[in-house]
Amino acid sequence: MPEGLEAEIWRRAAQPLIGRRIERIELDKRVADPALIAAVGKRIDGVRRHGKVIVVDTTGPAIGIRFGMTGRLIIDGVAPIRQLEYASGRDRSNWDRIRLWTYPESARDAPAMRMNDPRRLGRVDIDPDLSRLGPDAFEISAAALADSLSGRRTSMKAALMNQEVVAGLGNLCVDEVLFSAGISPMATVDAVGDAGTHQVWRAMRRRLPVMLERGGSIYGVIDPERRRNLGRCPFGRCNGSLRSDKVGGRTTVWCPAHQLVEFC
DNA sequence: CGGCATGTTTCGCC
DNA sequence: AGGCGAAACATGCC
């Protein structure tokens, strides 16, 4: 989905919904659980986030929203993130997967909240099960990250994208974090070791708030322009060149000159 | 037109 | 048994 950063932006934008009563719900049954109509008439108690998932708590069922690759949240007619990198800025109403009106504060015809997802890989669940998600990427401690990674036989990149290990990092954030940490994305968790894992944790703490403040996952050093055109490595005085490879099944942009198995 | 895309689930294979 | 990689999913865009 949009990653945890985008979910956090939407969580914040959705706070004004708290306290309102749900007047009406329309949903696309292909991706949104029809049982969610049970939330009609209930009051919104809170909007929280874990990893990439938004949960709208009500006095009835909770509404769990996952955004897939192209889902967006629009609150009171305003899209906090207007356009996603790999989707146009178009907003066709038949891409809405859930629409929710509240009483009495829905702005005119605009739903108080809607999720618009052209590609339809997102989901809207009733009482979502978050039990398999790892610690949230923004909250995780160094010890918890080390513990969560221990025993993994896969690459660092694949491990960090695994939501059971740590919840909220996606392809772009993992590339940014590993770039900043100076750790190779293809290094195995074991090869990276305790010291390298700590570097990864520090890079998460360092980079994620900056990207959040700038507006999301695309605002790292490894931005969309660099993902497309590569070029010289922008890390410190590194003399290397960016390259693109498939790691963990995803396009990975990194610099072999400074992203080493042994961290810099 | 071919290929690729901020993600998750499923299917086989160790 | 269970972790892991590849394929599948669905659609738009360059």
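Just so it is clear: chains get the letters A, B, ... in the order the sequence lines come, proteins before strands, and each one is counted from 1.
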message: For dA10(C), give the paired nucleotide (Watson-Crick: N1-N3 plus N6-O4 or O6-N4; G-U: N1-O2 and O6-N3; both under 3.5 Å), or none.
response: none
query: Is dT6(B) paired to anything, Watson-Crick or G-U wobble with both distances less than 3.5 Å, and if yes, which nucleotide?
result: none
- line: When every non-hydrogen atom of G71(A) is compared with those of D117(A), the smallest separation belongs to N-OD1, 3.4 Å
- prompt: So does R48(A) pair up with D57(A), basic N to acidic O under 4.0 Å?
  reply: yes
- prompt: Quick one: do R123(A) and D125(A) make a salt bridge, cutoff under 4.0 Å?
  reply: no
query: Quantified in whole Å, what is the P atom distance between nucleotide dT9(B) and nucleotide dA1(C)?
result: 22 Å
task: Output all residues satisfying salt bridge (charged side-chain N to carboxylate O under 4.0 Å, His left out) with R21(A), sequence neighbours left out; order by chain, then residue number.
output: none
With sequence neighbours excluded, residues passing salt bridge (charged side-chain N to carboxylate O under 4.0 Å, His left out) with E164(A): R132(A)
Check whether any side-chain N or O of [X] sits under 4.0 Å from OP1 or OP2 of [N], and answer yes or no.
X       : N       : answer
R90(A)  : dC13(C) : yes
T251(A) : dA5(B)  : yes
K246(A) : dA5(B)  : yes

Nearest to the [X] side chain among [options], which nucleotide is it?
X       : options                 : result
L172(A) : dG5(C), dT6(B), dG12(C) : dT6(B)
P118(A) : dG12(C), dG5(C), dT6(B) : dG12(C)
W95(A)  : dT8(B), dA5(B), dG12(C) : dG12(C)
R152(A) : dC4(C), dT8(B), dT6(B)  : dC4(C)
K52(A)  : dC13(C), dT6(B), dT8(B) : dT8(B)

[X] [atom1] to [N] [atom2]: how many Å, rounded?
X       : N       : atom1 : atom2 : result
N229(A) : dC14(C) : CG    : P     : 15 Å
E164(A) : dT10(B) : CD    : C1'   : 14 Å
R227(A) : dA5(B)  : CZ    : P     : 8 Å
L121(A) : dT6(B)  : CG    : C1'   : 12 Å
R66(A)  : dT6(B)  : CZ    : P     : 17 Å
R30(A)  : dA10(C) : CZ    : C1'   : 10 Å
R123(A) : dT10(B) : CZ    : P     : 10 Å
M115(A) : dT6(B)  : CE    : C1'   : 14 Å

query: Hey, does T154(A) reach any base, or is it just sugar-phosphate, or nothing, if we go heavy atoms under 4.0 Å?
result: sugar-phosphate
- prompt: Which is true for R250(A) with a 4.0 Å heavy-atom rule: it touches a base, it touches only sugar-phosphate, or it touches nothing?
  reply: base
message: Checking V55(A) against V47(A) for the side-chain contact (heavy atoms from CB on, under 4.5 Å) test, could you report, in this order, the C-alpha distance in whole Å, the side-chain angles of both residues, the deciding distance, and whether it holds?
response: CA-CA 6 Å; V55(A) 181; V47(A) 183; over 6 Å; no
